[in-house]
Amino acid sequence: WRGRTPPDSPSSDKSPRAHFEHQLLRHTLFEDFCNGLGVFADAFSAEGADAVEMVAARHLFAAPLPPEWSEYWDKATQTPYFYDRLHRQSTWTHPQDHSFRELLAEVRQWSPDSTVEEVVARSDFHLRAARASAATQICCWTGPHAFPDGGKADAASSSSDGPRDADAEGAHVATPQAEHFYHNQVTGESRWVDPRLSLELDLLRRHAVLSECVAAHARAVERRAVETIAARRRERKAAGACRRGRGDRDDASDSEDGTSWAPLLQLPWKPCCRNRRPRPGGVRAGAGE
């Protein structure tokens with residue numbers, strides 16, 4: 001199906017709209033979503049639920065689509081596709097595929113041995129770079145602009161006076177509910193929806209996903225620290241048992257030939273003081289001593 005072109009317009013959405021609602025994925029399976037981004041669940045079975053890539057993938061999968069995008073099902077290919085109601089365009093890939101891949105590329109660079117402070121610093125740098133890029137993009141836009149005659153979208157006659165949408169037959173029609181539009185001074189593009197909305201949505205999503213990934217990394221670091229302490233305790237306990245076992249074996253080997261070393265370790269006399277001659281063992285002292 002990758003070689004095919006997605007449908008131009010879904011049959012359930014033929015009229016242009018000015019007000020859009022956020023929609024969730026309805027037809028894409030989580031496994032297919034992960035495979036499309038290069039995240040394979042089998043590779044993280046050992047790390048469990050705290051694998052940062054899986055944490056990021058779960059939150060990206062549950063994230064709403066941009067306001068102007070919707071997901072539909074193509075019966076011919078049995079494949080979901082995405083449709084932009086604002087520009088009347090369709091695609092097989094998720095409209096935020098590029099942003100998702102940037103987030104995954106960031107968390108993949110986190111080493112399991114990195115401290116929480118290090119991943120927090122990396123996340124902060126990533127968010128600052130994304131914010132700078134969004135500020136650069138938004139500087140090219142102006143608006144909102146009212147229509148020259150004070151009317152609504154049906155009074156627009158050119159791209160500089162307002163954007164136009166294409167209906168199912170290819171004719172250009174204007175959205176009758178729109179009263180303002182936004183214009184890009186660099187590309188000449190005009191649109192009804194405030195371009196800041198999609199950029200703000202992307203920044204908020206990046207912040208939320210990275211926050212969850214940092215929390216998952218912190219849990220993994222804590223778990224590994226606890227496991228390391230427990231392993232060291234087991235090693236010390238095993239080493240102590242091994243030393244005790246060697247001592248018991250040494251005592252047993254001493255008596256294997258029938259000779260006990262215990263009498264040799266018993267002194268025949270008990271030293272009393274340094275200046276007094278020791279008393280032979282077994283001789284009791286007299287009363288006159």
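Scope of the values below: all heavy atoms of this structure, side chains included, with no hydrogens, waters or symmetry mates. Throughout, numbering of the chain's residues begins at 1 and tracks the sequence.
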Do [X] and [Y] come close enough that some side-chain heavy atom pair is under 4.5 Å?
| X | Y | result |
| --- | --- | --- |
| V52 | V119 | no |
| P80 | D74 | no |
| Q23 | P64 | no |
| V193 | Y182 | no |
| L203 | L127 | no |

Going by the rule side chain to side chain donor-acceptor pair (under 3.5 Å), which residues pair with R131 if we only count those two or more places apart in sequence or in a different chain? none
Which residues satisfy the side chain to side chain donor-acceptor pair (under 3.5 Å) test with R224, sequence neighbours excluded? none
Hey, could you give me the [atom1]/[atom2] distance between [X] and [Y], rounded to the nearest 0.5 Å?
| X | Y | atom1 | atom2 | result |
| --- | --- | --- | --- | --- |
| L104 | Q109 | CG | CD | 11.5 Å |
| L103 | R205 | CG | CZ | 9.0 Å |
| D124 | R122 | CG | CZ | 12.0 Å |
| F82 | E68 | CZ | CD | 13.0 Å |
| T115 | W110 | OG1 | CH2 | 11.5 Å |
| Y81 | W92 | OH | CH2 | 8.0 Å |

Checking side-chain contact (heavy atoms from CB on, under 4.5 Å) for the pair R191/W141: CA distance, chi angles, key distance, verdict? CA-CA 10 Å; R191 61 174 59 176; W141 288 90; 3.4 Å; yes
Taking every non-hydrogen atom, the tightest pair across [X] and [Y]:
| X | Y | value |
| --- | --- | --- |
| A57 | F33 | O-CE2, 3.7 Å |
| Q89 | W69 | O-CZ3, 4.3 Å |
| A134 | L199 | O-CD1, 3.7 Å |
| L201 | P67 | CD2-CD, 4.4 Å |
| E106 | S123 | OE2-N, 4.5 Å |
| A146 | F181 | O-CE2, 4.1 Å |

Using only atom types and a distance under 3.5 Å, with no angle test, would you say the side chain of [X] pairs donor to acceptor with the backbone of [Y]?
| X | Y | value |
| --- | --- | --- |
| H217 | S114 | yes |
| S198 | P195 | yes |
| T79 | T77 | yes |

H98 and R101: CA distance, side-chain angles, deciding distance, side-chain contact (heavy atoms from CB on, under 4.5 Å) verdict: CA-CA 5 Å; H98 178 72; R101 292 183 183 276; 5.8 Å; no
Passes side-chain contact (heavy atoms from CB on, under 4.5 Å), V55 versus V107? Steps please. CA-CA 10 Å; V55 171; V107 299; over 6 Å; no
Test of understanding: with ring-ring contact (aromatic ring centres under 6.0 Å, His included), list the residues that count as partners of H207, not counting sequence neighbours. none
For [X], check salt bridge (charged side-chain N to carboxylate O under 4.0 Å, His left out) against everything at least two apart and list the hits.
| X | value |
| --- | --- |
| R234 | none |
| R196 | D194 |
| D84 | none |
| R206 | E102, D202 |

side-chain contact (heavy atoms from CB on, under 4.5 Å) against [X], all qualifying residues, sequence neighbours excluded:
| X | result |
| --- | --- |
| V186 | C140, N184 |
| Q78 | W73, K75 |
| S133 | Q137 |
| E222 | none |

Under the side-chain contact (heavy atoms from CB on, under 4.5 Å) criterion, do H180 and H145 qualify, and how do the steps go? CA-CA 5 Å; H180 300 86; H145 300 289; over 6 Å; no
Same cluster or not: L60 versus L204, using hydrophobic residues (I, L, V, M, F, W, Y) connected whenever any side-chain heavy atoms lie under 4.5 Å apart?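 Different hydrophobic clusters.
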Shared ILVMFWY cluster between V221 and M54, side chains joined below 4.5 angstrom?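 V221 does not cluster with M54.
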Please tabulate, for the side chains in residues 24-32, all donor-acceptor contacts under 3.5 angstrom to protein atoms that are two or more places apart in sequence or on a different chain.
from, atom 1, to, atom 2, distance (Å)
R26, NH2, E71, O, 2.5
T28, OG1, E71, OE2, 2.5

Is a donor from one side chain sitting under 3.5 angstrom from an acceptor on the other, for T142 and H183? no
Given the rule in the ring-ring contact (aromatic ring centres under 6.0 Å, His included) test, do H94 and F100 qualify, once you have shown the distances and angles that lead to the verdict? CA-CA 9 Å; H94 195 286; F100 290 175; 4.8 Å; yes
